[in-house]
Amino acid sequence: MDQRLLRAAVVGAGYWGPNLARNFAASDHWELAAVCDLDADRAARVAGAHGGADVETSLAALLDRDDIDAVAIATPAGTHHPIAMAALRAGKHVVVEKPIADRTSAAVEMVAEAQARGLVLMTDHTYCYTPAARKIRELVANGDLGEILYIDSVRINLGLVQPDVDVFWDLAPHDLSIIDFILPGGLRPQSVAAHGADPIGAGKSCVGYLVLPLPGGAVASVHVNWLSPTKVRRMTIGGSRRTLVWDDLNPQQRISVYDRGVDLETQALDSLERRAATISYRLGDTWSPALEEREALGTMVGEFAEAIHGGRVPLTDGTAGLRVLDVLEAADRSLADGGGVSPVRTGDAAALELAGERIGGGRA
Ligand SMILES: NC(=O)c1ccc[n+]([C@@H]2O[C@H](COP(=O)([O-])OP(=O)(O)OC[C@H]3O[C@@H](n4cnc5c(N)ncnc54)[C@H](O)[C@@H]3O)[C@@H](O)[C@H]2O)c1
């Protein structure tokens, strides 16, 4: 397997891009070759912090270079599609910040383009690369929690009211991508109901709630809020055997697993097959798995490199990004419908179809 150092360019040197640049520069797999931004000063500041990286202000000039293997896109969501498509067409592997695009149809094209060209397209679902999310995925896969009954995710803070997106598109990709990552079948709700509020007159939802019925009668809820004076990042995952709470703001005990819950037993009452239910409460121990302290983005850029070297799909590929977009778009339709239940379309199926058509010589 080719294990040479790969060369990355970061496009977008605003708030998040410098974090990507720092992690590429620090990685054993990568060399940070260039930083590109429309704003030359920003690009120069970020490149300057990492020694030899070049400064680029023209995406076309950057993509013309044949010494760049991969491009990391940290520009506003509305620009992800044109930048990613240009990079893929120039033969570069691509990692795109969340959300992968601003609409499903754009992401479907990105996934199809990458597949047709045999390139890696990854979504930076950063939280999936935290030690906590990886441990939760493992516990769920091993059956330690039993059958998943509910997921309740809260992400609230005094946040920036973003110019281009509402609170759902800004914050909920984190919760949705984590749910997609930890559930063995991924995020596949049939529908979503969304309620949003704009109590400060910002022109977009600043407080939001999503309810997503999951297969098998389970349910997930997501609460996102830019207006909360207290910061909470907590996900509760209730299982038939145990319940797990991930409190991301508690570094001493990010994960607590409760061996407590409710058991429901039914017994036959009489010969007419009438049944009665008895509820009992399990009151067992609480434990906290040890987690390494490791920056998620360091693991993310490592996964990107390994997917490229191994010619394999990364853990959070383009279709993971698409599943998140499917829910966000359904949430938009629900909001427009006053909070009604909106079916979730499955864009990942559409992407695979489109890729198949392209590879098979169909639509170009
Ligand atoms: N993974 C995470 O936890 C996380 C956190 C914050 C932001 N993000 C994501 O990162 C992305 C960027 O967010 P941000 O807050 O850094 O935005 P930002 O506005 O602070 O920075 C965006 C930068 O992109 C540059 N830019 C815009 N169009 C460009 C183009 N065509 N070519 C080159 N440069 C261009 C702008 O000049 C700006 O410097 C968004 O998709 C956001 O959702 C992810």
Side-chain angles (χ1 to χ4, degrees), residues 8-24 34-49 53-65 68 71-87 90 92 94-103 106-107 110 121-130 132-133 153 155 157 159-178 180-181 204 224 226 231 233 248 295-301 303-304 314-316 318 320-321 324-325 328:
V10 171
V11 181
Y15 164 63
W16 196 247
N19 294 326
L20 292 175
R22 178 169 50 76
N23 278 278
F24 279 115
V35 178
C36 173
D37 199 296
L38 298 174
D39 181 327
D41 290 341
R42 279 188 196 173
R45 258 198 309 276
V46 178
D54 299 332
V55 174
E56 296 277 3
T57 51
S58 154
L59 181 70
L62 177 81
L63 297 179
D64 258 355
R65 290 173 53 164
I68 307 266
V71 170
I73 302 171
T75 56
T79 64
H80 290 179
H81 172 259
I83 297 175
M85 291 299 280
K92 315 296 184 200
V94 171
V95 60
V96 192
E97 266 316 315
K98 64 84 197 165
I100 186 170
D102 60 351
R103 57 196 191 284
M110 291 156 64
L121 172 65
M122 179 163 169
T123 315
D124 174 24
H125 285 165
T126 312
Y127 281 92
C128 302
Y129 296 96
T130 57
S153 197
R155 189 173 302 275
N157 193 13
L160 277 182
V161 173
Q162 300 287 345
D164 54 336
V165 288
D166 66 11
V167 73
F168 292 104
W169 283 77
D170 183 35
L171 297 184
H174 294 308
D175 309 273
L176 297 171
S177 63
I178 295 165
D180 184 59
F181 186 68
K204 60 189 75 176
V224 283
W226 281 330
K231 182 169 177 174
R233 280 187 196 162
D248 200 43
E295 186 171 355
L297 281 182
T299 309
M300 189 281 288
V301 300
E303 168 67 7
F304 188 33
L315 274 174
T316 54
V324 169
L325 278 195
L328 292 172

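Counting starts at 1 for both ligands and their atoms, in listed order. Just so it is clear, the structure is predicted and the values come from calculations on it, not from any experiment.
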List the closest protein heavy-atom neighbour of [atom]: residue, atom name, distance to the nearest 0.1 Å.
atom: atom 28 (N) of ligand 1; answer: Leu38 CD1, 3.7 Å
atom: atom 17 (O) of ligand 1; answer: Tyr15 N, 4.5 Å
atom: atom 21 (O) of ligand 1; answer: Gly14 CA, 3.3 Å
atom: atom 40 (C) of ligand 1; answer: Thr75 O, 3.5 Å
atom: atom 44 (C) of ligand 1; answer: Glu97 OE1, 3.1 Å

Please set out all donor-acceptor pairs under 3.5 angstrom arising from side-chain atoms of residues 34-46, sequence neighbours excluded.
{"unit_1": "Asp37", "atom_1": "OD1", "unit_2": "Asp39", "atom_2": "N", "d": "2.9"}
{"unit_1": "Asp37", "atom_1": "OD2", "unit_2": "Ala13", "atom_2": "N", "d": "2.6"}
{"unit_1": "Asp39", "atom_1": "OD1", "unit_2": "Asp41", "atom_2": "N", "d": "3.0"}
{"unit_1": "Asp39", "atom_1": "OD1", "unit_2": "Arg42", "atom_2": "N", "d": "3.1"}

Worksheet item: Once you round to the nearest 0.5 Å, how far does CD1 of Ile178 lie from OG1 of Thr316?
Response: 12.0 Å
Just which atoms of ligand 1 are under 4.0 Å from any heavy atom in [X]?
X: Asp124; result: 1 (N)
X: Thr126; result: 1 (N), 2 (C), 3 (O)
X: Arg42; result: 36 (C), 37 (O), 38 (C), 39 (O)
X: Pro76; result: 22 (C), 24 (O), 27 (C)

Heavy atom under 4.0 Å from ligand 1: found in [X]'s side chain, backbone, both, or neither?
X: Asp37; answer: both
X: Ile83; answer: side chain
X: Leu59; answer: neither

Does some side-chain heavy atom of [Y] sit less than 4.5 Å from a side-chain heavy atom of [X]?
X: Trp169; Y: Pro99; value: yes
X: Leu297; Y: Tyr129; value: no
X: His125; Y: Met300; value: no
X: Val10; Y: Ile73; value: no

Worksheet entry | Under 3.5 Å side-chain donor-acceptor pair for Asp170 and Trp226 | yes
Discussion item. Using a 3.5 Å distance criterion without hydrogens, assess whether the side chain of Asp180 forms a donor-acceptor pair with backbone atoms of Leu176.
Written reply: no
Worksheet item: Sequence neighbours excluded, which residues qualify as salt bridge (charged side-chain N to carboxylate O under 4.0 Å, His left out) partners of Arg65?
Response: Asp54, Glu56, Asp67
Item to complete: Kindly confirm or rule out an N or O of Lys98 lying under 3.5 angstrom from an N or O of ligand 1.
Response: yes
Item to complete: Answer yes or no: does an N/O atom from Asp39 fall short of 3.5 Å to an N/O atom of ligand 1?
Response: no
Worksheet item: Any idea how His174 and Tyr127 line up, ring-wise: parallel (<30°), tilted (30 to 60°), or perpendicular (>60°)?
Response: perpendicular
Worksheet item: Can we say Lys204 and Asp166 salt-bridge, meaning some charged N sits less than 4.0 Å from an Asp/Glu carboxylate O?
Response: no
Worksheet item: Below 4.0 Å from any atom of ligand 1, is there a heavy atom belonging to His174?
Response: yes
Worksheet item: Is there a heavy atom of His80 sitting under 4.0 angstrom from any atom of ligand 1?
Response: yes
Worksheet item: Should one rank Gly17, Gly12, Ala74 by closest heavy-atom distance to atom 22 (C) of ligand 1, which comes out on top?
Response: Ala74
Response to the item:
Closest to atom 4 (C) of ligand 1 (heavy atoms only, candidates Trp16, Tyr129, Trp169) is Trp16
